[in-house]
**Q** 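Below is one structure. I have some questions about it.
We count ligands from 1, going down the list as the structure has it; atoms in each ligand are counted the same way. Quick note: numbers below take in every heavy atom, side chains included, and nothing from hydrogens, waters or symmetry partners.
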Amino acid sequence: MGRVVGIDLGTTNSCIAVLEGGKPMIVPNAEGERVTRSIVALTDDGEYLVGKPAANQAVLNPRNTIFSAKRLMGRRYAEVPDVIRSVPYVVKAGPEDAARIELAGELIAPEEIGAKIIRKLVEDASSYLDDAITDAVITCPAYFNDAQRQATMNAGQIAGLNVLRILNEPTSAALAYGIDARQNERVLVFDLGGGTLDVSLLDVVEPICEVCATSGDTHLGGDDFDKCIVDWLAMEFLDKYGIDLRNESQALQRLTEAAEKAKCELSSVTSAKIELPFITSINGEGIHLEKIISREKFEVLSAGLLQRCVEPVLTTLKDARCQASKIDEVLLVGGGSRMPSIRKLVNDITLGKEPNMAISPEEVVALGAAVQAGIISGEFDQMVLLDVTPFSLGIETKGGKFHRMIARNTAIPTRATQLFTTGDHFQRGVDVVVLQGESKRAHNNRTLGRFGLEGIRNKVAGEAEIEVDFDIDEDGILSVTARDLGTGNKRQITIAGTAYLDQQEVKDKASQAQKLAAEKQQKQLANVERQQAEYVLSTVENQLEFIGQAVPNELRSKCEKAMSALRTALGDGAPPKKLSKLKVSLELAAEPLQQIES
Ligand code: AMP
């Protein structure tokens, strides 16, 4: 087995960590950065770029540059109108209304974008560590539902990894801190990433790290704060010039980048300048956009978003039956929590508790995931982690009611079995609708899947016995089984069939990705071979010229013959093996030149 890593697959940035000497450590990417932008682009030449190289060409290639794909993973098209409005690439409805991204005319699953990001992290880390990476713990927001978790798992598998665990991000952050502190503490984790807000309350009582409650908002993240600035700039521009820049994909991309940059600057200075020359043109004349935004203005624009951060914290505290004054430690996680307004808000809610940002908020989740990988692989056998399910799960019963089988914030893994019966005389089948949510009305909750159980023996209403079993594994992934106790008939639901890829597709895509990676490696190898062959060729050419008449005729013609063969092979684009062979022949032929030279 190769190295085991922790991966934070973020909406905006992703990060990979490994255990070195019992301590988690961030592994930098090939560009030397500790976090990698979660951006994937397809160039006109059909080449995939990931991270900074993809970000650098985003303005020129907005339709084929995919960011925030995590916001689409495991989601239905109808669930993501806000994402569709805010990105310049095209999102369409795929099979069973699953959100799909259009890239060069093809519809691809968002988890395939996730897989490309993971692959880059793993390939870069593997060459940095000079070791193979085979297994990983991958994190996801605690508030991710079953479909989103499964999509995260698929992304890891498509990238060719054995996914040891899908771990909640806030839990992961607490583990990163807990590994050193490990005192008896109640810890509030406030995690504002690019696309989601996660709040969790954990009890760290050595050696157990237990999640007491979790809440959040999957539609609230740093990107929304960027959007406030984008909307403000666009509205002012619309007023002045009558043009809505949000309808022009390149202009929208530039606006979004400038807004994010200004937002980040406003975390450390009180005003930021936004300059976008030639943002559009009117009657052939270029129009420039220049604006200064103060921190105060930004806080007014984002006041509504700030307000939305309050409820998940209060819900978490209420669910955990914990008063704000009883919190021992507040951990701020995610790049979004660098905003002073967020720090102040959390400080206010927790009655003046100073948040702990000792570990970089962008790195802490990956570090915790590496710790979890260590726990699973046996390196930290003393730590135990108890996580919870973020939603209530149940089935629909007569009259459109929601019957709860597992309450939210139940520790996982968990299992619940209950007996149900038929509502009508001689009913031959039942429809099992699996739901997730908190409403008593079934239609207000999210349908995870449905299946029928047929062949029930003729019985009067209330006599048949149908046993329904809900089983949630350590990754928070649910499977549901219904069994007719009269006949022994059994059906198990494959919830994974709804908004994401099925297992065969995941396997196909994983081998496709491996094939592409092998081709890429082959190409790189060919390039290296080519460069080396060209280098040897020019060295021998120079030697012959430098030594001149002193080269014996026989040796000169031997060298020239070998050079000519190599030149022809280079011209024909010969395979690396042949180039290598001809290069070695030339080196052997030219060996005596060195003695003459010296
Ligand atoms: P993460 O997913 O944790 O990398 O968080 C990404 C989000 O954090 C993005 O929306 C970034 O724009 C935001 N972010 C990063 N640095 C800062 C900063 N200094 N101030 C405000 N937001 C930031």
**Q** For atom 20 (N) of ligand 1, what is the nearest protein heavy atom, given as residue, atom name and distance?
**A** Ser267 OG, 2.6 Å
**Q** Among all the protein's non-hydrogen atoms, which is closest to atom 2 (O) of ligand 1, and how far away is it?
**A** Gly194 N, 3.4 Å
**Q** Tell me whether the guanidinium CZ or amine NZ of Lys92 lies under 6.0 angstrom from the six-membered ring centre of Tyr77 and within 45° of its axis.
**A** no
**Q** Roughly how far apart are Cys228 SG and Glu299 CD, rounded to 0.5 Å?
**A** 11.5 Å
**Q** Please determine whether side-chain contact (heavy atoms from CB on, under 4.5 Å) holds for the pair Leu9 and Met73, giving the CA-CA distance in whole Å, both sets of side-chain angles, and the decisive distance to 0.1 Å.
**A** CA-CA 11 Å; Leu9 180 62; Met73 280 185 13; 4.2 Å; yes
**Q** Strictly below 4.0 Å, N to O, side chains only: are Asp97 and Arg76 in salt-bridge contact?
**A** no
**Q** Any side-chain donor-acceptor pair under 3.5 Å between Asn29 and Thr36?
**A** yes
**Q** Would you mind reporting whether Leu331 and Glu329 have side-chain heavy atoms less than 4.5 Å apart?
**A** yes
**Q** Going by distance only, is there an N or O of Arg338 that falls short of 3.5 Å from an N or O of ligand 1?
**A** no
**Q** Report the nearest protein non-hydrogen atom to atom 22 (N) of ligand 1: residue, atom name, distance rounded to 0.1 Å.
**A** Gly335 O, 3.4 Å
**Q** Walk me through whether Val4 and Thr134 qualify under side-chain contact (heavy atoms from CB on, under 4.5 Å).
**A** CA-CA 6 Å; Val4 181; Thr134 49; 5.6 Å; no
**Q** So is Glu260 polar-close to ligand 1, meaning N/O to N/O under 3.5 Å?
**A** yes
**Q** Hey, which of Leu245, Asp244, Leu276 is the one that makes side chain to side chain contact (heavy atoms under 4.5 Å, CB included) with Phe237?
**A** Leu245
**Q** Can you pull out the closest protein heavy atom to atom 10 (O) of ligand 1? Residue, atom name and distance to 0.1 Å, please.
**A** Lys263 NZ, 3.0 Å
**Q** Please determine whether any non-hydrogen atom of Gly193 lies less than 4.0 Å from an atom of ligand 1.
**A** yes
**Q** Among all protein non-hydrogen atoms, which one is nearest to atom 4 (O) of ligand 1, and what is the separation to 0.1 Å?
**A** Asn13 ND2, 3.1 Å
**Q** Taking 4.0 angstrom as the limit and counting only heavy atoms of Asp223, give me the atoms of ligand 1 inside it, by number and element.
**A** 10 (O)
**Q** At less than 4.0 angstrom from any non-hydrogen atom of Gly334, what atoms of ligand 1 do you find?
**A** 3 (O)
**Q** Among Cys264, Pro141, Ser341, Ser268, whose heavy atom sits nearest atom 17 (C) of ligand 1?
**A** Cys264
**Q** Is any NZ, NE, NH1 or NH2 atom of the basic residue among Asp231 and Arg246 found under 4.0 Å from an Asp or Glu carboxylate oxygen of the other?
**A** yes
**Q** Tell me the protein heavy atom at minimum distance from atom 6 (C) of ligand 1, and give that distance in Å.
**A** Thr12 OG1, 3.4 Å
**Q** Below the 3.5 angstrom mark, is there an N/O of Gly336, backbone or side chain, next to an N/O of ligand 1?
**A** yes
**Q** List ligand 1 atoms under 4.0 Å from Met339, heavy atoms only on the residue side.
**A** 21 (C)
